[in-house]
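Okay, structure first, notes after.
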Amino acid sequence: MKPAPFTYHRPSTLAEALDLLADLAPDAKLLAGGQSLGPMLNMRLASPAHLVDINDLSEFSRIRLAGDWLEVGALARHHELADSELLQNHCPLLAQAAQTIGHYAIRQRGTLGGSLANADPVAQLALVAVTLDARLKLVRRGAEREVSARDFLRSAMTTSLAPQELLLSVRFPRSTGREASALRIFNRRHGDYAIVAAAVTMTLQDGQVSQLRLGVSGVAPVPLRLDEVSQRFEHQRPDARWREAVALACAQAVEPEEDERIPAVYRRELTQTLVARALGRVLEKLEQAANAGATPT
Ligand SMILES: Cc1cc2nc3c(=O)[nH]c(=O)nc-3n(C[C@H](O)[C@H](O)[C@H](O)COP(=O)(O)OP(=O)(O)OC[C@H]3O[C@@H](n4cnc5c(N)ncnc54)[C@H](O)[C@@H]3O)c2cc1C
């Protein structure tokens with residue numbers, strides 16, 4: 001199928017893009033990598049009268065250190081996140097997540113902003129944003145605001161973005177240099193969206209867990225951060241029994257909906273398995289780093 005007719009705009013500055021949105025919303029849609037919007041237009045699931053292509057705003061694809069944060073422009077493409085040395089050193093979970101998205105062609109075009117604005121419940125970048133409590137900068141003509149990833153992602157394919165707003169950049173907390181992280185996803189075929197995914201970061205102090213973050217997607221309309229479980233299991237020694245207990249607690253904490261293709265019990269079991277594997281990988285990394293006197297990743 002072909003898209004319904006639309007007027008194409010290609011602003012060369014942010015101010016121009018925001019003017020277009022202010023004047024044309026809600027009949028305008030932003031076009032970033034086009035990897036989700038393109039198919040939606042072709043299938044006529046979306047038929048905006050105006051398309052505002054923001055690909056010339058390339059200065060908003062920068063990745064930079066900003067104090068305790070890493071600021072990533074919304075137009076950073078998945079492959080740029082995956083290959084960024086800054087991210088590998090200071091926010092390795094984000095780089096790792098980007099590497100696992102779809103196929104090569106999708107990673108070449110898809111953007112951080114497009115992925116978050118699209119709000120697919122199992123998008124890896126949304127899972128990382130929620131797990132790390134990332135902050136999103138939203139701008140419109142004459143105003144800007146910052147929201148947490150959890151406040152931004154309202155429900156499946158639904159965000160708190162207003163029609164005149166553009167997601168400009170995202171701040172992720174910089175790794176302390178003592179924490180390790182891991183992401184585990186389960187999908188049926190390489191390149192497919194995950195059925196369930198789990199993300200973990202952990203810091204140890206004197207052999208005990210001093211900080212634990214647990215994120216899971218595929219079990220609710222938005223990725224979840226399981227803070228109650230994390231808090232229950234901090235300040236303990238992370239042996240094999242601890243790991244199994246955390247994974248079980250995560251599975252018990254989620255309430256996946258029944259669906260015809262994938263029973264809730266299956267998603268719950270995947271949660272347990274993937275959390276256990278992610279924790280296992282994190283502990284391995286922490287041990288290797290301690291033995292080598294190096295920084296964990
Ligand atoms: C075959 C296939 C497999 C895929 N597999 C995965 C996968 O495994 N995991 C995964 O996470 N994703 C996957 N994707 C999705 C991919 O990551 C997309 O790139 C992403 O979801 C959308 O990013 P985009 O830059 O292409 O955005 P677009 O398609 O251009 O836009 C998507 C939506 O976001 C809005 N938007 C875009 N940029 C902004 C902005 N800066 N501010 C406000 N709104 C904005 C658009 O208006 C549109 O509504 C897959 C896609 C395909 C086609």
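Note that ligands are numbered from 1 as they come in the structure, with each ligand's atoms numbered from 1 the same way. Values below: every heavy atom of this structure, side chains too, minus hydrogens, waters and symmetry copies.
Looking at Ala74 next to ligand 1, no N or O pair under 3.5 Å apart turns up. Distances between N or O atoms of Glu165 and those of ligand 1 include no value under 3.5 Å. Residue-to-ligand polar distances keep Val122 apart from ligand 1: every N/O pair is separated by 3.5 Å or more. By the 3.5 Å distance cut-off applied to N or O atoms, Leu166 is not counted among the residues near ligand 1.
Closest to atom 20 (C) of ligand 1, if we only count protein heavy atoms, is Ser36 OG, 3.4 Å. Among all non-hydrogen protein atoms, the one lying nearest atom 9 (N) of ligand 1 is Gln124 OE1, 2.6 Å. Among protein heavy atoms, atom 38 (N) of ligand 1 sits closest to Ala32 CB, 3.5 Å. The protein non-hydrogen atom at the shortest distance from atom 8 (O) of ligand 1 is Gly102 N, 3.3 Å. Gln35 O, 3.3 Å is the protein heavy atom nearest to atom 53 (C) of ligand 1. Here the protein heavy atom with the shortest distance to atom 31 (O) of ligand 1 is Leu37 CB, 3.9 Å. When only non-hydrogen protein atoms are considered, atom 14 (N) of ligand 1 lies nearest to Tyr193 OH, 3.1 Å. Distance from atom 32 (C) of ligand 1 to its nearest protein heavy atom, with residue and atom name: Gly114 O, 3.8 Å.
No donor-acceptor pair under 3.5 Å is formed between the side chain of Ser47 and the backbone N or O of Arg44. Remark: side-chain polar atoms of Arg109 are not paired, donor with acceptor, to backbone N or O of Gly34 under 3.5 angstrom.
Residue contact check for ligand 1: Ile54 places a non-hydrogen atom closer than 4.0 Å to it. In this structure, Gly191 is part of the shell of residues with a heavy atom less than 4.0 angstrom from ligand 1. Within the structure, the closest approach of Ile101 to ligand 1 falls below 4.0 Å when heavy atoms are considered.
Ring pair Trp242/Phe233 is perpendicular by interplanar angle, where above 60° counts as perpendicular and below 30° as parallel.
A donor atom on one side chain and an acceptor atom on the other are not found under 3.5 Å apart for Glu179 and Thr201. In the model, Arg10 has a side-chain atom that pairs as donor or acceptor with a side-chain atom of Tyr8 under 3.5 Å.
When each atom of ligand 1 is checked for a heavy atom of Leu161 under 4.0 Å away, the hits are 43 (C), 44 (N). Interface atoms of ligand 1 facing Ala123, defined by a heavy-atom separation under 4.0 Å, are 11 (O). Atoms of ligand 1 found under 4.0 Å from any heavy atom of Lys29 (numbered from 1 in listed order, with element): 49 (O).
Only the side chain of His78 comes within 4.0 Å of ligand 1, counting heavy atoms alone; its backbone N, CA, C and O stay farther away. Counting heavy atoms under 4.0 Å from ligand 1, residue Asp192 touches it through the backbone alone. Both the backbone and the side chain of Thr111 come within 4.0 Å of ligand 1, judged by heavy-atom distances. The residue Leu75 has no part lying near ligand 1, judged by heavy-atom distances below 4.0 Å.
A 4.5 Å side-chain heavy-atom check between Leu183 and Gln96 finds at least one atom pair inside the cut-off. Side-chain contact between Arg225 and Arg213 is present, with heavy atoms from C-beta onward closer than 4.5 Å. Within the 4.5 Å cutoff, side-chain heavy atoms of Ile262 are placed close to those of Arg267. Two residues are said to be in side-chain contact when any heavy atoms from C-beta on lie closer than 4.5 Å; Val254 and Leu224 meet this criterion. By the 4.5 Å heavy-atom criterion applied to side chains, Leu87 and Pro92 are not counted as neighbours. Contact annotation: the side chain of Pro173 never approaches that of Asp133 to less than 4.5 Å [non-hydrogen atoms, C-beta and beyond].
The heavy atom nearest to atom 39 (C) of ligand 1, out of those in Leu138, Leu30, Leu127, is found in Leu30. Across the listed options Gly33, Ala97, Gly113, Gly33 owns the non-hydrogen atom lying nearest to atom 24 (P) of ligand 1. Among Leu57, Ile106, Leu21, the residue whose heavy atom lies closest to atom 16 (C) of ligand 1 is Ile106. Summarising the contacts of atom 36 (N) of ligand 1 with Pro163, Ala194, Gly110, Ala117, the nearest heavy atom is found in Ala117.
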Legend entry - Glu71/Arg64 under salt bridge (Lys or Arg N to Asp or Glu O under 4.0 Å): CA gap, chis, key distance, verdict: CA-CA 5 Å; Glu71 191 182 78; Arg64 64 179 195 102; 3.1 Å; yes
Inset, instruction - May I have the step-by-step check of salt bridge (Lys or Arg N to Asp or Glu O under 4.0 Å) for Lys29 and Asp53, ending in yes or no? - result: CA-CA 8 Å; Lys29 266 216 160 292; Asp53 183 341; over 6 Å; no
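A cation-pi arrangement, defined by a distance under 6.0 Å to the six-membered ring centre and an angle within 45 degrees of its axis, is present between Arg171 and Trp69.
With salt bridges taken as basic N to acidic carboxylate O contacts below 4.0 Å, one links Arg281 and Glu284.
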